[in-house]
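This report concerns only the one structure given below.
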Amino acid sequence: MTDIREGKGRTALITGASAGIGKAFAHEFARHGFDLILTARREDRLKALADELTKEHGVNVHVIADDLADPGAPGRIVSWIDGQGLTVDALVNNAGYAVPGVFTATQWEDQQRFIQVLVTAGCELAHRLMPGMIERKYGRIINVASLAGIAPGTAGHTLYGASKAFMIKFSQSLHLEGERHNVFASALCPGFTYSEFHDVTGVRGEVSKLPKYMWMDAAPVVAQGYRAVMQGKTIHVPGGFNKFVAFLARVLPGPVALNMVRRRSRQFRKQEG
Ligand SMILES: NC(=O)c1ccc[n+]([C@@H]2O[C@H](COP(=O)([O-])OP(=O)(O)OC[C@H]3O[C@@H](n4cnc5c(N)ncnc54)[C@H](OP(=O)(O)O)[C@@H]3O)[C@@H](O)[C@H]2O)c1
């Protein structure tokens, strides 16, 4: 049964809330009684979602559209929140995508924007918002990482796995620093999840051939991610198949795991260039 007391009188900031996993997180936090601040670039989608969530759950939903590839965005978002007299009790760093192709075939500017969105923006939001959480003795931070942050690196989408591994270690450190103040951080590590991710990244053709048992819907992924952070679990891999892959990545000798990835990764990574 849903416990709406957890979120009553509290507010969650969710990045990348206009689609996929972020949108599902907005539903999950609203279901638990949290008011919401939703951000992404597509304001029309955020506004439509805000109306839907207010009607469905009776929570207050605020929308601030911004582009996290702009280094000024996290500061702008937090200033706007302060200006509205709001506080953030839960942060979901979720916005993300991947840059297809091998490293040298991409433009450095694209990689720089990628690092800004997937790594720097999330760290800056946590850095700006965690002191308030510590002061108020309550905070929950979910960093949406990936199974790619646990498995060996792949050819193609070069910085993707590295950025997710970064967010996993970052979550562990944040949790150790925050737990005595009742501020918990958790890295959620989904595998293949139905969303717009693979369309945006241009690999829908490749991944649509993968068997169904490798896929999850966004709703169960986020329900598990929500539960994990509330329970103070620093890393959570949702789903039986994903847990099995994470287990293999941990127990297989490094070169064996890397060879498996070398053989299989063409099925889900663009490696031309
Ligand atoms: N789907 C999977 O299989 C999978 C697996 C493991 C991990 N993940 C991770 O899950 C997270 C969410 O991805 P998803 O699968 O839900 O993909 P999605 O459906 O494509 O949603 C991505 C979200 O990120 C936002 N976003 C992208 N670039 C942004 C930018 N520059 N500034 C602000 N917002 C931006 C998008 O909003 P706008 O376009 O409106 O800005 C959208 O709301 C990502 O971190 C991804 O790496 C996904």
Side-chain angles (χ1 to χ4, degrees), residues 13-28 37-50 63-74 76-77 91-100 109-122 124-125 142-151 154 157 159-168 170-171 187-204 206-208 210 212 214-222 224-225 235-239 241-242 245-246 267-269:
L13 167 63
I14 301 171
T15 73
S18 62
I21 293 172
K23 186 175 175 181
F25 261 121
H27 279 278
E28 187 66 19
I37 303 165
L38 307 179
T39 187
R41 290 166 300 183
R42 288 170 291 181
E43 192 171 19
D44 51 338
R45 284 199 181 203
L46 295 177
K47 284 183 169 163
L49 178 60
V63 162
I64 172 158
D66 212 326
D67 183 351
L68 290 178
D70 176 347
R76 267 196 306 273
I77 292 169
L91 165 67
V92 184
N93 281 318
N94 162 77
Y97 62 101
V99 178
E109 291 70 23
D110 290 335
Q111 298 293 356
Q112 209 167 24
R113 272 192 293 274
F114 172 84
I115 295 168
Q116 185 65 38
V117 175
L118 276 276
V119 177
T120 313
E124 185 175 346
L125 285 172
I142 299 174
N143 292 312
V144 181
S146 170
L147 199 50
I150 296 172
T154 59
H157 309 196
L159 291 181
Y160 187 74
S163 73
K164 297 303 191 182
F166 180 107
M167 293 310 278
I168 292 170
F170 174 54
S171 306
L188 176 63
C189 302
F192 293 103
T193 307
Y194 294 112
S195 72
E196 297 173 11
F197 181 88
H198 299 98
D199 304 304
V200 174
T201 305
V203 289
R204 179 60 65 199
E206 286 84 348
V207 299
S208 61
L210 294 172
K212 276 218 155 34
M214 293 177 71
W215 288 87
M216 285 181 76
D217 286 323
V221 168
V222 308
Q224 291 186 37
I235 303 176
H236 183 74
V237 179
F241 175 76
N242 296 331
V245 174
Q267 291 178 293
F268 51 91
R269 296 283 191 253

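Only heavy atoms go into these numbers, but all of them, side chains included; no hydrogens, no water, no symmetry mates. Both ligands and their constituent atoms are indexed starting at 1 by order of listing.
In this structure, Ala98 has no heavy atom closer than 4.0 Å to ligand 1. Distances shorter than 4.0 angstrom occur between a heavy atom of Lys164 and an atom of ligand 1.
Residue-level proximity to ligand 1 for Arg45 is absent, since no heavy atom of it falls below 4.0 angstrom.
What sits closest to atom 47 (O) of ligand 1 on the protein, heavy atoms only, is Tyr160 OH, 2.6 Å. The protein heavy atom nearest to atom 42 (C) of ligand 1 is Ser18 OG, 3.5 Å.
For the side chain to side chain donor-acceptor pair (under 3.5 Å) test, residues two or more places apart in sequence or in another chain that qualify with Gln111 are Thr106. For Tyr97, the ring pair (Phe, Tyr, Trp, His ring centres under 6.0 Å) criterion is met by Phe114, not counting sequence neighbours.
When Ala19, Ser146, Gly191, Pro238 are checked for heavy-atom proximity to atom 4 (C) of ligand 1, Gly191 turns out nearest. With distances taken over non-hydrogen atoms, the option nearest atom 48 (C) of ligand 1 out of Thr193, Asp66, Ile21 is Ile21. Closest heavy-atom approach to atom 25 (C) of ligand 1 among the candidates Gly16, Ala145, Ala26: Gly16.
Residues Leu188 and Phe25 meet the side-chain proximity criterion, which asks for heavy atoms closer than 4.5 Å.
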Test salt bridge (charged side-chain N to carboxylate O under 4.0 Å, His left out) applied to Lys47 and Asp44, step by step:
CA-CA 5 Å; Lys47 284 183 169 163; Asp44 51 338; over 6 Å; no
